[in-house]
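Worksheet for the structure shown next.
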Amino acid sequence: RKEVEQDPGPFNVPEGATVAFNCTYSNSASQSFFWYRQDCRKEPKLLMSVYSSGNEDGRFTAQLNRASQYISLLIRDSKLSDSATYLCVVNPGSGTYKYIFGTGTRLKVLA
Amino acid sequence: EAQVTQNPRYLITVTGKKLTVTCSQNMNHEYMSWYRQDPGLGLRQIYYSMNVEVTDKGDVPEGYKVSRKEKRNFPLILESPSPNQTSLYFCASMRGNTGELFFGEGSRLTVL
């Protein structure tokens, strides 16, 4: 089992739709969780951190479910500009900084 | 402007010809790291550095070397490149209090 797993997609959704991605992680001791956005052939950029209490930033909501070992990203009112690959990133913690990346979920928002 | 700068951005080389990819950050971050990204495999960590003169292996260190003589610079060295090192490479630094990674624009390396 991979340490961090994501559905590669692509998720093709119309503008205005709500879309959700999940990411599962295998190490129950993992401490930090993030969603990054990567546009084609560009560098990843932080979209949001994922806190135990969940967090929201505009149209984006991230949640953590420690019991089932997954994090989720919800995008409401999708825009064409949301088309990108979304990377789930986990820091196993315990003094290590070996960030583990999922392979990404590709989103295409269609006009 | 806060940034991580990698050079070269694109490079085609031949097997066995030593090369160095430079990485520099202007945010005074202590932590820096190198990743390679390959289709279907995602980003994999090559090496990371917690501070000057402190480096450690990531998940795929074979064939690579790094050094951290100053806080701002973290070069990646391929002593004898091979075709399986053809990849897209990213350098990153980390803001300590948040864990956020800041990436360079990437270096696309082709080894023939």
Side-chain angles (χ1 to χ4, degrees), chain A residues 1-10 21-27 29-52 55 57 60 62 64 71 84-106, chain B residues 2-7 9-10 21 23 25 27 29-51 54-61 66 68 74 87-110:
Chain A
R1 179 184 175 188
K2 288 183 181 178
E3 292 183 86
V4 176
E5 289 198 79
Q6 297 182 249
D7 182 340
F21 311 135
N22 281 345
C23 165
T24 59
Y25 60 94
S26 62
N27 184 347
S30 296
Q31 309 231 333
S32 305
F33 309 87
F34 308 87
W35 284 103
Y36 279 74
R37 171 192 169 128
Q38 184 176 27
D39 294 296
C40 187
R41 298 175 183 270
K42 298 287 186 68
E43 73 274 24
K45 293 184 179 177
L46 181 68
L47 179 65
M48 55 199 315
S49 303
V50 187
Y51 305 121
S52 296
N55 54 314
D57 183 3
F60 299 85
L64 167 64
I71 65 172
T85 297
Y86 291 85
L87 306 176
C88 169
V89 184
V90 176
N91 180 340
S94 300
T96 179
Y97 288 91
K98 294 176 72 171
Y99 286 81
I100 301 171
F101 287 72
T103 53
T105 296
R106 191 171 171 201
Chain B
Q3 58 185 7
V4 178
T5 304
Q6 296 178 224
N7 280 296
R9 295 285 316 283
Y10 302 91
V21 186
C23 175
Q25 51 99 1
M27 295 168 278
H29 291 162
E30 293 184 347
Y31 175 92
M32 297 184 72
S33 58
W34 275 102
Y35 301 85
R36 60 177 289 173
Q37 186 172 32
D38 303 289
L41 296 177
L43 276 90
R44 294 178 292 167
Q45 192 172 49
I46 303 170
Y47 269 94
Y48 64 96
S49 169
M50 298 294 294
N51 211 328
V54 181
T55 63
D56 207 349
K57 297 177 180 179
D59 294 317
V60 288
V66 293
R68 188 90 181 276
F74 191 42
S87 188
L88 176 59
Y89 291 86
F90 288 105
C91 177
S93 68
M94 184 190 76
R95 177 181 286 159
N97 59 340
T98 64
E100 178 182 358
L101 292 170
F102 293 83
F103 287 86
E105 293 183 297
S107 297
R108 187 167 291 278
L109 171 64
T110 301

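Computation of the quantities below employed the complete heavy-atom set of this structure, encompassing side-chain atoms and omitting hydrogens, waters and symmetry-equivalent molecules. These numbers come from a predicted model, not from an experiment.
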- Side chain, backbone, both or neither: which part of Ser33(B) has a non-hydrogen atom closer than 4.5 Å to chain A? neither
- Task: Taking all heavy atoms of Glu43(A) and all of Glu105(B), pick out the closest pair and write down the distance.
- Result: OE1-CA, 3.8 Å
- Decide if the gap between the ring center of Tyr35(B) and the ring center of Phe101(A) is smaller than 6.0 angstrom. yes
- Message: With a sphere of 6.0 Å drawn around CZ of Arg106(A), does it hold more than 12 non-hydrogen atoms of other residues, nucleotides or ligands?
- Response: no
- Query: Around Glu3(A), counting heavy atoms of other residues, nucleotides and ligands shown, do more than 12 lie under 6.0 Å from its CD?
  - Reply: no
- Query: Between the main-chain N or O of Tyr99(A) and the side-chain N or O of Tyr48(B), is there a donor-acceptor pair closer than 3.5 Å?
  - Reply: no
- Query: So, the side chain of Tyr36(A) versus the backbone of Leu101(B): is there a donor-acceptor pair under 3.5 Å, distance only?
  - Reply: yes
- When rounded to the nearest 0.5 Å, the distance separating CZ of Phe90(B) from CD of Gln38(A) is 5.0 Å
- Who in residues 37-46 of chain B is close to chain A, using a strict under-4.5 Å heavy-atom cut-off? Gln37(B), Gly40(B), Leu41(B), Gly42(B), Leu43(B), Gln45(B)
